[in-house]
Amino acid sequence: MVLQCQDVVKRYKESLALDNVSLNIKEGSIFGLLGPNGAGKTSLINCIVGLIQKDKGSIYVFGSDLSKNGIGIKKKIGIVPQEIAVYRDLTAYENVAFFAKLYEVDKREIKARVEEALEFVGLLDKKDQFSKTFSGGMMRRLNIACAIAHSPRLIIMDEPTVGIDPQSRELILQSVKTLNKRGSTVIYTSHYMEEVEKICDDIAIMDHGRVIARGSKEELIASIEFQQVVEIKVDKVTEELLTNLRDVQGVLEANEEKGKITVTCSKNNDLVSKIIEAVTNSGGKVTALSVEKPNLEGVFLTLTGRSLRD
Ligand SMILES: Nc1ncnc2c1ncn2[C@@H]1O[C@H](COP(=O)(O)OP(=O)(O)OP(=O)(O)O)[C@@H](O)[C@H]1O
């Protein structure tokens with residue numbers, strides 16, 4: 001096991017950020033920690049890597065207690081923190097080299113390792129540019145390069161795609177897969193269901209400091225096989241229309257994003273016509289409709305009664 005957490009508790013004054021979290025993660029997986037903002041993902045990661053102290057429980061990384069065998073284990077870990085942690089007044093090369101030295105990469109290998117890491121995230125041609133001139137997406141990619149130049153066996157990424165362009169997002173998701181194929185175990189936290197579905201082979205869903213579901217995407221979705229997702233486009237989306245959709249019996253949730261309404265509901269053919277009826281009764285017109293399989297959003301909704309996006 002790469003990671004064994006048992007009954008981990010973390011409190012910040014009144015707030016219980018981790019409520020008896022137990023998790024085992026196998027070597028070789030891309031493990032997804034999915035949950036809405038405030039679920040406790042960062043607190044868990046920070047406890048694992050020793051950035052904050054847990055109040056209770058045990059954490060073993062590669063079979064060792066980090067608080068007792070810190071340095072040796074930390075060299076095997078690469079951390080991509082949620083807040084970008086690069087030096088704005090250093091070049092891309094200097095930033096990665098700084099972290100490589102910190103992780104005690106052999107001096108003779110530093111240049112090759114740094115350049116390899118920069119090439120990996122598509123920034124080698126920008127190696128002599130100051131990072132302060134980089135876009136948000138480039139900063140995020142540099143943040144990753146800093147975490148991988150020492151070839152860690154475990155890479156922990158905390159929401160690495162927040163606030164970036166679709167191209168950089170795609171590059172980061174692909175890079176996670178490649179790192180995994182090269183032998184690293186990856187722990188990937190996100191509140192984007194689509195990302196976790198796309199790249200993770202083992203998933204834990206967190207909410208209010210607890211792990212509320214665990215399994216592969218297929219296993220988690222199999223638990224809600226009675227659901228379907230109806231996606232519709234309507235000529236004009238109003239709040240009243242969304243409310244009327246949510247009031248249809250059998251509908252669990254209806255959300256609008258970029259002009260598309262996603263309705264999570266029971267698997268029942270009659271419901272599709274009731275959904276169309278609800279749109280018409282609200283003064284709208286359905287311009288496109290498709291019925292999709294349930295997804296992890298539906299799993300979260302079923303377990304909590306809330307949407308991941310709330
Ligand atoms: N330094 C802190 N002081 C007080 N409360 C905190 C602190 N850090 C986190 N919390 C609280 O602990 C809970 C878990 O937060 P955490 O950041 O771990 O969640 P998260 O799932 O990573 O969310 P996000 O994606 O928004 O960072 C939240 O209720 C948060 O408000």
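Every number for a ligand or one of its atoms is a count from 1 in the order of the listing. Index from 1, following the sequence. Below, all heavy atoms of this structure are taken into account, side chains as well, without hydrogens, waters or symmetry copies.
Considering backbone and side-chain N/O atoms, Gly38 comes within less than 3.5 Å of an N/O atom of ligand 1.
By the criterion of a heavy-atom distance under 4.0 Å, the side chain of Gln82, and not its backbone, is placed next to ligand 1. When heavy-atom distances to ligand 1 are checked against a 4.0 Å cut-off, Ala39 comes that close through both its backbone and its side chain.
When all heavy atoms are compared, the tightest approach of Gln129 to Thr133 is OE1-OG1, 3.3 Å. Of all heavy-atom pairs spanning Tyr12 and Ile52, the tightest one is OH-CD1, 3.4 Å.
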Derivation and outcome, side-chain hydrogen bond (donor to acceptor under 3.5 Å, both in side chains), residues Ser190 and Glu159: CA-CA 5 Å; Ser190 180; Glu159 307 243 12; 4.8 Å; no
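Heavy atoms from other residues, nucleotides or ligands lying under 6.0 Å from CZ of Arg214 number more than 12.
Comment: Arg306 does not engage Glu253 in a salt bridge, judged by the lack of any side-chain N to carboxylate O separation of less than 4.0 angstrom. A salt bridge links Lys198 to Glu170: at least one charged side-chain nitrogen sits closer than 4.0 Å to a carboxylate oxygen.
Residue Glu109 forms a salt bridge (charged side-chain N to carboxylate O under 4.0 Å, His left out) with just one option from Lys111, Arg113, Lys107, and that option is Arg113. For the side-chain contact (heavy atoms from CB on, under 4.5 Å) criterion with Leu308, the lone passing option out of Asp207, Asn255, Leu34, Leu301 is Leu34.
Considering only non-hydrogen protein atoms, atom 19 (O) of ligand 1 sits nearest to Gly40 N, 3.1 Å. Counting protein heavy atoms only, atom 25 (O) of ligand 1 is closest to Glu159 OE2, 3.2 Å. Counting only heavy atoms of the protein, atom 17 (O) of ligand 1 lies nearest to Thr42 CB, 3.8 Å. Ranking the protein heavy atoms by distance from atom 4 (C) of ligand 1 puts Tyr12 CB, 3.3 Å first. Protein heavy atom at the shortest distance from atom 18 (O) of ligand 1 is Ser43 OG, 2.6 Å.
Counting protein heavy atoms under 4.0 angstrom from atom 9 (C) of ligand 1 gives one or more. Note that atom 31 (O) of ligand 1 has no protein non-hydrogen atoms nearby, at separations under 4.0 angstrom.
Those atoms of ligand 1 that come under 4.0 Å of a heavy atom in Lys41, given as number and element, are 18 (O), 19 (O), 20 (P), 21 (O), 22 (O), 23 (O), 25 (O). Every atom of ligand 1 is numbered from 1 in the order shown, and the set under 4.0 Å from a heavy atom of Pro36 is 21 (O).
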